[in-house]
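The first residue in the sequence is number 1, and the count goes up from there. Quick caveat: nothing in here was measured; it's all calculated off a predicted structure.
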Amino acid sequence: MTVRRFLAFAALLACGLGPAPAPAAEPARPTLRAAVTVAAELVTIGDFFDNAGPLADRAIFRAPDLGTTGTVPAWRVLAEARAAGLREASEGLLVEVSVTRSAREIGAGEIQSLVAAALARQMGVADARELQVTFDQPLEPRLADERSPAPVRIASVNSVPGNGRFEALVLIDKGAAPERLRLRGQATEVVDTVVLTRPLARGEVLRAEDLVVQRVPKRQAGANRPAAVEDFAGLAARRALRAETPLTAGDVQQPLLVKRGETITLVYQSPGLVLSARAQALEQGSLGDVITVLNPQSKRTVVGTVSGPGRVTVGPGGTSVASLGRAQQ
């Protein structure tokens with residue numbers, strides 16, 4: 001560019017004769033959506049239309065019931081929106097619009113837990129999990145307003161002392177007015193306890209697969225306390241036991257390692273000396289039990305401790321080396 005042309009261009013700019021500014025973009029027209037999901041009871045222009053502008057919060061339709069979907073003709077939505085002032089709205093090629101009202105599902109378990117917690121406070125039970133709550137009628141899930149800070153709550157609960165019968169009033173928040181749910185049922189205090197899955201004969205050893213932890217009424221468990229399968233596995237039934245019997249410590253014992261009348265090994269132990277002989281058990285015993293045995297040759301009885309299957313051990317003072325020696329001859 002020559003100096004003369006530059007000066008001429010600069011003069012044009014100084015006079016405001018430069019290139020024209022680009023035209024401003026036109027605002028996007030409001031466009032109707034094919035499907036709408038809302039949580040509120042009313043559907044607004046902003047729910048129906050993209051680019052609704054200042055009228056977005058204007059309600060024009062009532063939403064369907066919680067958790068349901070309804071349809072509305074597109075021409076009717078357009079007419080209501082234009083009547084509210086949205087002049088540039090367009091339905092495009094839509095014939096109808098589906099509207100879904102979202103909701104929060106309240107399951108039977110959630111209601112049961114709330115009722116149990118209220119009953120535990122009233123009955124003086126420390127942990128609501130120690131109450132087994134059953135209802136007289138099957139409890140179906142309920143739908144609540146998902147915007148609610150307390151979608152379900154206990155309005156009142158009353159129990160009959162002694163028999164566990166109760167009546168509760170539960171409120172489900174549905175927005176305008178709550179659903180009132182009256183429930184009746186039974187609350188039973190329960191404990192976890194180990195029960196048998198099959199009958200056992202006296203002396204039979206309990207295996208882990210013979211045992212299961214179940215919740216039983218506290219009055220049925222009696223003095224039994226919560227226990228684990230490991231506390232009973234490997235022990236023997238003290239008497240014949242039926243299936244489904246809650247176990248207590250008095251029902252079991254260490255397995256018998258020595259039976260009355262059987263021939264056992266009698267072991268004498270002292271520092272630096274171990275002798276053994278054959279003897280006859282005069283009593284039965286489990287590991288650690290003190291029983292009497294007979295040396296069939298000397299006809300002498302000694303007292304020893306069951307130390308293994310068919311094995312009884314004595315120490316200094318319990319018998320004599322000489323008597324054991326005679327038994328070995």
Heavy atoms from other residues, nucleotides or ligands near [atom1] of [X] exceed 12 (cutoff 6.0 Å):
X	atom1	answer
Arg147	CZ	yes
Arg62	CZ	no
Arg198	CZ	yes
Gln137	CD	no

In this structure, would [X] and [Y] fall into the same cluster of hydrophobic residues linked by side-chain contacts under 4.5 Å?
X	Y	answer
Ile60	Leu94	yes
Leu32	Val72	yes
Leu266	Leu273	yes
Val213	Phe232	yes
Val38	Leu55	yes

Is any side-chain heavy atom of [Y] closer than 4.5 Å to one of [X]?
X	Y	value
Val191	Glu130	no
Leu196	Leu211	yes
Arg142	Glu105	no
Val293	Gln280	no
Val194	Asp231	no
Leu282	Arg260	no
Val195	Pro246	yes
Leu294	Thr292	no

Distance-only, no hydrogens or angles: does the [X] side chain make a donor-acceptor pair with backbone N or O of [Y] under 3.5 Å?
X	Y	result
Thr313	Arg311	no
Ser90	Gly92	yes
Ser286	Pro255	yes
Ser148	Asp145	no
Gln112	Val133	yes
Arg238	Val252	yes

Qualifying residue for side chain to side chain contact (heavy atoms under 4.5 Å, CB included) with Val170, from Leu139, Leu114, Val152, Ile106 =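 Among Leu139, Leu114, Val152, Ile106, the one that satisfies the side chain to side chain contact (heavy atoms under 4.5 Å, CB included) with Val170 is Val152.
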Measure across [X] and [Y] and return the closest heavy-atom pair with its distance rounded to 0.1 Å.
X	Y	answer
Gly67	Ala103	N-CB, 3.7 Å
Leu42	Asp47	O-OD2, 4.1 Å
Ala35	Val97	N-CG1, 4.4 Å
Gly308	Val258	O-CG2, 4.2 Å
Ala28	Asn51	CB-ND2, 3.5 Å
Val306	Leu287	O-CD1, 3.7 Å

Output all residues satisfying salt bridge (charged side-chain N to carboxylate O under 4.0 Å, His left out) with [X], sequence neighbours left out; order by chain, then residue number.
X	result
Asp127	Arg129
Glu244	none
Glu110	Arg104
Arg33	Asp50

Inset, instruction - Give the C-alpha distance, both sets of side-chain angles, the deciding distance and a yes or no for side chain to side chain contact (heavy atoms under 4.5 Å, CB included) between Leu143 and Lys174. - result: CA-CA 7 Å; Leu143 296 177; Lys174 291 185 173 295; 4.3 Å; yes
Interatomic distance, [X] atom [atom1] to [Y] atom [atom2] [nearest 0.5 angstrom]:
X	Y	atom1	atom2	result
Thr44	Phe49	OG1	CZ	10.5 Å
Leu183	Thr134	CG	OG1	11.5 Å
Thr188	Gln132	OG1	CD	6.0 Å
Phe135	Arg184	CZ	CZ	12.5 Å
Leu247	Leu241	CG	CG	6.5 Å
Glu283	Asp289	CD	CG	9.0 Å

query = Are Ser102 and Glu146 linked by a side-chain donor-acceptor pair shorter than 3.5 Å?
reply =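 Note: Ser102 and Glu146 side chains meet the donor-acceptor criterion.
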Regarding Thr265 and Arg278, is there a side-chain donor-to-acceptor distance under 3.5 Å anywhere?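 Yes, because at least one side-chain N or O of Thr265 sits under 3.5 Å from a partner of the opposite role on Arg278.
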Notebook entry, point to check: Taking only residues two or more places apart in sequence or in another chain, which ones pass ring pair (Phe, Tyr, Trp, His ring centres under 6.0 Å) with Phe48?
Noted result: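 Phe48 satisfies ring pair (Phe, Tyr, Trp, His ring centres under 6.0 Å) with Phe61 only.
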- Task: May I ask you to say whether Arg215 pairs ionically with Asp192, meaning some side-chain N is under 4.0 Å from a carboxylate O?
- Result: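 The answer is yes: the pair qualifies as a salt bridge.
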Note to self: Run Glu189 and Leu119 through side chain to side chain contact (heavy atoms under 4.5 Å, CB included) and show every step you take.
What the structure shows: CA-CA 11 Å; Glu189 193 170 358; Leu119 285 169; over 6 Å; no
Checklist entry - Which residue pairs pass the salt bridge (Lys or Arg N to Asp or Glu O under 4.0 Å) test with at least one member in residues 78-101, sequence neighbours excluded? => result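 Checked against salt bridge (Lys or Arg N to Asp or Glu O under 4.0 Å) - neighbours excluded - no pair reaches residues 78-101.
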